[in-house]
Amino acid sequence: MSPRQAESLAETFAEFRPRMVEGTLTDFSRLSSPNAPCCQVAPRKADTVARIVRLANERDVPLRIRAQGHSLNGSSLPGSAELLLATRNLRLVRFEEPGTVTVGSGVVLWILQYFLRRYGFDLPVLNDGYPGPSVGGFVCAGGFGPRSVVFGGFWDNVVELRFVDGLGNLRRATCADPLFPWLFGSMGQLGVFIDAKLAIIPRDGSGVPSYPAGASLMAPQLVAPKVPPEFATEGEERLFWFTLFTPDEYLDDAHRELSALERRHNATLRFQQRYRYPILHRGMTAPLVYPYARPFTATGAWGWLIDGSPDGIAALHEFDREFMALAASKPHYRRYVQSELPSGPEIYRLCFGEQNYGALRNHKAELDPNSLLNRGTVFA
Ligand SMILES: Cc1cc2nc3c(=O)[nH]c(=O)nc-3n(C[C@H](O)[C@H](O)[C@H](O)COP(=O)(O)OP(=O)(O)OC[C@H]3O[C@@H](n4cnc5c(N)ncnc54)[C@H](O)[C@@H]3O)c2cc1C
C-alpha cells in the first residue's frame with residue numbers, strides 16, 4: 001500500500017490507536033507482504049474488535065487478521081489497502097468454569113500450557129515442535145498434536161468460541177451449535193476469534209488439582225522462542241512440511257507413495273524422518289479438516305529447502321504440486337492445506353471438496369457478506 005493509503009487508513013481508524021508497520025511482514029515460509037507500510041490495529045477487547053469491524057464495513061475497508069504469522073501460505077499478510085488486525089493483545093486467561101480455561105485468541109498455546117501446568121493442569125491438544133501458533137491461529141488451521149491419539153482434534157477440546165463476524169456482531173458458538181465444527185480450519189473467513197473456552201485436564205502426576213475459580217492473568221507475548229535443535233535454522237534455511245490425512249488401513253500405502261515422492265525430489269528438500277500423529281474420533285467431525293466421521297492419522301513429508309534460489313523455489317512448488325496430486329488421488333486422503341504453502345480459491349476448492357467448499361461459502365455469505373475478512377485467500 002502507498003504511504004498515503006496507509007495514512008488515510010490511520011486517520012479513519014484513529015480512535016483505535018493504529019500503528020504504522022514500516023518494515024516488511026513475513027510468515028513462517030518467509031513469504032513477505034509487498035504492501036509495506038501498512039496500518040495496524042491491535043485491539044484488547046471484544047467490543048473494540050466489533051467496533052473496528054463495523055467501521056470497516058461502513059468504509060468498505062478489507063481486514064487482514066494476523067496472529068503469530070506461523071502459517072506458510074501468506075494468509076496472515078496484508079494485501080493492498082487492507083487494514084491489519086493483529087490479535088496479539090487478546091491475551092486474557094480466565095478460570096471461569098471448572099474443567100475449562102477461557103483464553104484470548106492471541107495467546108500462544110505453549111505459553112498457555114506453561115501457566116496451566118503451574119496450576120496443576122494441562123492442555124490435552126496443542127501443536128508439536130515449539131511455541132508458535134496462537135489459540136486463534138490453531139482454530140483457523142484445525143489443530144492436532146501428539147496427544148490427539150487420546151484426545152482427538154483441537155475441535156474435540158474446545159467447549160465454546162466467541163468471535164466477531166464480518167458485520168461486527170459478537171457471536172458465541174458452543175460445541176452443540178451446527179456452525180461450530182465449520183469454524184475449525186476456516187482460515188479467518190467467518191469471523192475474528194476473540195476467545196475460546198478450552199477443556200483442561202489434570203497435569204500428569206498432579207492428582208486432582210484444585211480449580212483456581214475466578215483467577216485471571218494476562219499471558220505474556222511470545223518474544224523469541226527457544227527453538228529445539230531439530231528445528232533450528234541456519235542462515236537462509238527454510239523448513240516446509242506436507243501433511244497427509246489418511247485412515248490407518250491406508251497408512252502403509254501412503255508411506256510407500258510418500259517415500260517414492262521424496263526419492264524423486266531429494267535434490268529439493270533435505271527430508272527428515274516421517275512423522276505420524278493418530279487422531280482419535282470422539283464424535284465430532286471438522287469438515288474442513290477431515291470430512292469423515294472416523295479416526296485418521298496425520299503423516300507426511302517434511303524437510304529443509306536445499307536451494308533458496310528461484311530455481312530451488314520452483315522445484316519446491318513442483319514437489320508441492322505432486323504432493324497435491326497424491327492427496328487428491330484417493331477419496332479417503334486429505335491434505336492439511338491450512339497449515340501449508342499453497343493457497344487460493346482453486347486450491348481450497350480442491351482440498352475441501354466441492355460440497356464442503358460450497359458449505360463454507362454459504363456460511364461466509366451469512367457471516368461476512370461483504371467479504372471483508374481475509375479477502376481473496378479462500379474465495380475469489
Ligand atoms: C513450528 C510449527 C509447528 C506446527 N505444529 C503444528 C501441529 O503440531 N499441529 C497443527 O495442527 N498445526 C501445526 N502448525 C501449523 C499452525 O498451527 C498453523 O499454521 C497456525 O494457523 C499458525 O497460527 P498463528 O497463530 O501463527 O496464525 P497466523 O499464521 O497469524 O494466521 C493463520 C491464519 O489464521 C487467521 N487467524 C489467526 N488468528 C485469528 C483469529 N483470532 N481470528 C480469525 N482468524 C485468525 C489468519 O488470518 C490466517 O489466515 C505448526 C506450525 C509451525 C510453524
Side-chain angles (χ1 to χ4, degrees), residues 25-31 33 42-43 46 49 53 62-79 82 84-91 103-112 125-148 153-155 157 161-166 183-196 221-222 225 227-228 230-233 238-241 243 245 275-277 279 286 289-290 298 300 302 336-341 343 348 367-368 372-378:
L25 284 169
T26 60
D27 69 10
F28 196 80
S29 70
R30 303 209 196 143
L31 276 176
S33 166
V49 176
V53 176
L63 295 169
R64 178 64 44 177
I65 311 161
R66 179 175 170 91
Q68 289 294 314
H70 260 63
S71 44
L72 292 158
N73 49 24
S75 66
S76 65
L77 303 174
E82 288 184 341
L84 185 61
L85 197 161
T87 62
R88 64 163 180 274
N89 287 332
L90 299 169
R91 278 184 287 116
V103 190
S105 70
V107 175
V108 168
L109 281 162
W110 277 49
I111 292 181
L112 176 64
V125 173
L126 75 170
N127 66 288
D128 204 0
Y130 56 94
S134 66
V135 169
F138 210 53
V139 173
C140 283
F144 64 84
R147 286 195 289 181
S148 287
F154 198 49
W155 50 93
N157 296 281
L161 284 163
R162 282 201 313 156
F163 64 98
V164 169
D165 70 16
L183 298 172
F184 293 83
S186 62
M187 296 288 294
Q189 291 298 312
L190 304 180
V192 183
F193 294 114
I194 301 297
D195 52 29
Q221 287 189 54
L222 181 63
V227 179
E230 66 269 31
F231 295 103
T233 51
R238 290 193 247 182
L239 182 59
F240 292 92
W241 53 86
T243 297
F245 295 141
Y275 52 86
R276 180 191 290 207
Y277 300 96
I279 300 165
V289 183
Y290 192 71
W302 66 298
Y336 191 23
V337 66
Q338 291 92 334
S339 78
E340 295 174 15
L341 190 59
S343 73
Y348 290 103
L367 294 168
D368 181 25
L372 227 59
L373 306 176
N374 288 0
R375 191 176 277 178
T377 305
V378 176

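All values below come from the heavy atoms of this structure, side chains included, with hydrogens, waters and symmetry mates left out. All values reported here derive from a predicted model rather than from experimental measurement. Starting from 1, each residue takes its place in the sequence as its number. Every number for a ligand or one of its atoms is a count from 1 in the order of the listing.
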Mark the output for Gly129 as yes if a heavy-atom distance to ligand 1 is under 4.0 Å, and as no if none is.
-> no
Within less than 4.0 angstrom of ligand 1, does Tyr336 place any heavy atom?
-> yes
What are the atoms of ligand 1, with element, lying closer than 4.0 Å to any heavy atom of [X]?
X: Phe28; answer: 53 (C)
X: Ala67; answer: 25 (O), 27 (O), 30 (O), 37 (C), 38 (N)
X: Ser105; answer: 41 (N)
X: Asp128; answer: 3 (C), 5 (N), 7 (C), 8 (O)
X: Ala141; answer: 18 (C), 21 (O)
X: Asn127; answer: 5 (N), 6 (C), 7 (C), 8 (O)
X: Val192; answer: 42 (N), 43 (C)

Counting heavy atoms only, which of [options] comes nearest to [atom]?
atom: atom 49 (O) of ligand 1; options: Gly145, Gly191, Ser75, Pro78; value: Ser75
atom: atom 32 (C) of ligand 1; options: Ser186, Gly137, Ser71, Gly188; value: Ser71
atom: atom 52 (C) of ligand 1; options: Tyr130, Phe184, Trp241; value: Trp241
atom: atom 22 (C) of ligand 1; options: His70, Gln189, Gln338, Arg88; value: His70
atom: atom 45 (C) of ligand 1; options: Gly69, Gly136, Cys140; value: Cys140

What do you reckon, does Arg66 have a nitrogen or oxygen under 3.5 Å from a nitrogen or oxygen of ligand 1?
-> no
Relative to the ring of [Y], is the ring of [X] parallel (under 30°), tilted (30 to 60°) or perpendicular (over 60°)?
X: Phe245; Y: Tyr336; answer: tilted
X: Phe193; Y: Phe163; answer: perpendicular
X: Phe28; Y: Trp241; answer: tilted

Would you mind reporting whether [Y] and [X] have side-chain heavy atoms less than 4.5 Å apart?
X: Gln68; Y: Thr87; result: no
X: Leu112; Y: Leu126; result: no
X: Asp195; Y: Leu90; result: no

Do side-chain atoms of [X] reach the backbone of [Y] as a donor and acceptor pair under 3.5 angstrom?
X: Ser29; Y: Leu72; result: yes
X: Asp128; Y: Pro146; result: no
X: Asn127; Y: Pro133; result: no
X: Ser33; Y: Pro78; result: yes

Write out all pairs satisfying salt bridge (Lys or Arg N to Asp or Glu O under 4.0 Å) with one or both partners inside residues 63-73, taking only residues at least two apart or from two chains.
-> Arg64-Glu82
Under a 4.0 Å heavy-atom limit, does [X] contact ligand 1 with its side chain, its backbone, both, or neither?
X: Asn374; answer: side chain
X: Phe144; answer: both
X: Thr87; answer: side chain
X: Pro133; answer: both

